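For reference, the structure discussed in these notes is given below.
Keep in mind that what you see is a predicted model, and the values were worked out from it rather than measured. Excluded from the calculations below are hydrogen atoms, water molecules and symmetry mates; all remaining heavy atoms, backbone and side chain alike, are included. Proteins come first, then strands; the chains are lettered A, B, ... in the order of their sequence lines, and each starts at number 1.
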Protein chains: 2
Amino acid sequence: MFDSIDMNILKLLQKDARMSASDISRKVDLSISAVGERIRKLEKADIIKQYTTTLDSAFFEKELTAFMLISIESPNVSPRFYDFIEQEKEILSCFYIAGDYDYIIKIVTKNTSTLAEVLDRIKSLEGIIKTNTMVVLDTKKEQNTFYI
Amino acid sequence: MFDSIDMNILKLLQKDARMSASDISRKVDLSISAVGERIRKLEKADIIKQYTTTLDSAFFEKELTAFMLISIESPNVSPRFYDFIEQEKEILSCFYIAGDYDYIIKIVTKNTSTLAEVLDRIKSLEGIIKTNTMVVLDTKKEQNTFYI
DNA sequence: CGTGAAAGTCTCACCAC
DNA sequence: GTGGTGAGACTTTCACG
């Protein structure tokens, strides 16, 4: 169904989502229309989830990243917890995990004082047993997604 | 320098990096050439970092995510540690953090047995004092980047 | 999968404000 | 400095081989 040419097209689109079908056609040695059809099929098969743009965090004053481990009392409080997570714009991700804690969340904010505000809002939620915040000092590697 | 129209263009490109300048021009009520020039300026100012494509992890057999906290012996071992992190394709990110541990890394792999292989390679590195692995059971929220 | 024609899109020099 | 216009070049789409 999908061959190595498709994988090559995906690789190129991962590097530059705005690459034109004609540029891709030159790289993969196929006609423009064939490339266009393959891309359409990859989109339809939902192998391509989204074309997105990565912006400069510094420009938007989002220079502080932190991870927070959270333990909650019982599964009952989870729905309210999820609602909170959902609407907090500075919480980028939240994973339910196995281990000493129940959740790990990633926070991206302006500075230590805006981080403190987010932490206070989390800690004031009902049912939070314990938290552990790890402030990021340096980013050694950061990929949004796996690269093929 | 950059106004609310630029912010709108960035929002649209965050949602769909392949949106044509003509489609954007209709949404922001500007001519195609004006939109093209604004995009060029946003790219040149490095506010737009990258146009990328998000792929379906299931299709590529990357369905298991885990976080690992790592403590290392001394800063001396860091360079070799970074080299290792860099070349491990299944380690998507690595952050140097303040707290009980020195690093937090995100691993995306096929299943528990491929995860075990990665963990073994990490633990066999010299200078690793302690590790703590948290397997992701469920993803409640996941954004690559902040949304404006 | 390729071709070719039609439709659509982008680029650039130039104009107006 | 900003944005608009129009011509030419380029790109995409689609029917057909």
From the list [options], which nucleotide is the closest neighbour of the side chain of [X]?
| X | options | answer |
| --- | --- | --- |
| S33(B) | dT11(D), dG2(C), dT11(C) | dT11(C) |
| R38(A) | dC1(C), dT13(D), dC12(C) | dC1(C) |
| S31(A) | dG4(D), dT12(D), dG2(C) | dG2(C) |

query: Quick one: does L10(B)'s side chain get under 4.5 Å of L42(B)'s, heavy atoms only?
result: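 They are in contact (side-chain heavy atoms under 4.5 Å apart), so the answer is yes.
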message: Under a 4.0 Å threshold between the charged nitrogen and the carboxylate oxygen, would K140(A) count as salt-bridged to D138(A)?
response: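 Salt bridge between D138(A) and K140(A), a charged N being under 4.0 Å from a carboxylate O: yes.
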message: Between R26(B) and D23(B) (salt bridge meaning N to carboxylate O under 4.0 Å), is one present in this structure?
response: yes
Value in whole Å for how far the [atom2] atom of [N] lies from [atom1] of [X]:
| X | N | atom1 | atom2 | answer |
| --- | --- | --- | --- | --- |
| I24(B) | dC10(C) | CD1 | P | 8 Å |
| M19(A) | dT12(D) | CE | C1' | 17 Å |
| E37(A) | dG2(C) | CD | P | 11 Å |
| D29(A) | dC1(C) | CG | P | 12 Å |
| D3(B) | dT2(D) | CG | P | 9 Å |
| I9(B) | dT2(D) | CD1 | P | 12 Å |
| I32(A) | dG8(C) | CD1 | P | 18 Å |
| R40(B) | dT2(D) | CZ | C1' | 14 Å |

- prompt: With a distance cut-off below 6.0 Å to the six-membered ring centre and an angular limit of 45° from the axis, does K11(B) pair with Y147(B) as a cation-pi contact?
  reply: no
message: Considering every strand and a 4.0 Å limit on heavy-atom distances, what is the contact class for S22(A): base, sugar-phosphate, or nothing?
response: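 Sugar-phosphate contact only.
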- request: Kindly say whether, by distance alone, the side chain of S20(A) makes a donor-acceptor pair under 3.5 Å with the base of dT12(D)?
  value: no
message: Tell me the closest heavy-atom pair linking T65(A) and K106(A), and the distance in Å.
response: CG2-CE, 3.9 Å
field: Dot-bracket summary - DNA chain D, pairs being Watson-Crick or G-U whose distances fall under 3.5 Å, with | when paired to another strand
entry: ||||||||||||||||.
- prompt: Starting at the 5' end of DNA chain C, which residue's closest nucleotide do you reach first, R18(A) or L30(A)?
  reply: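 Result of the comparison: L30(A).
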Option from F81(A), F95(A), F67(A) for which ring-ring contact (aromatic ring centres under 6.0 Å, His included) with Y103(A) holds: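 Only one of F81(A), F95(A), F67(A) forms a ring-ring contact (aromatic ring centres under 6.0 Å, His included) with Y103(A), namely F81(A).
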- prompt: Should we count CD of E126(A) as having more than 12 external heavy atoms under 6.0 Å?
  reply: no
task: Considering just the side-chain nitrogens and oxygens of K41(B), establish if one lies under 4.0 Å of OP1 or OP2 belonging to dT2(D).
output: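 Indeed, a polar side-chain atom of K41(B) lies that close.
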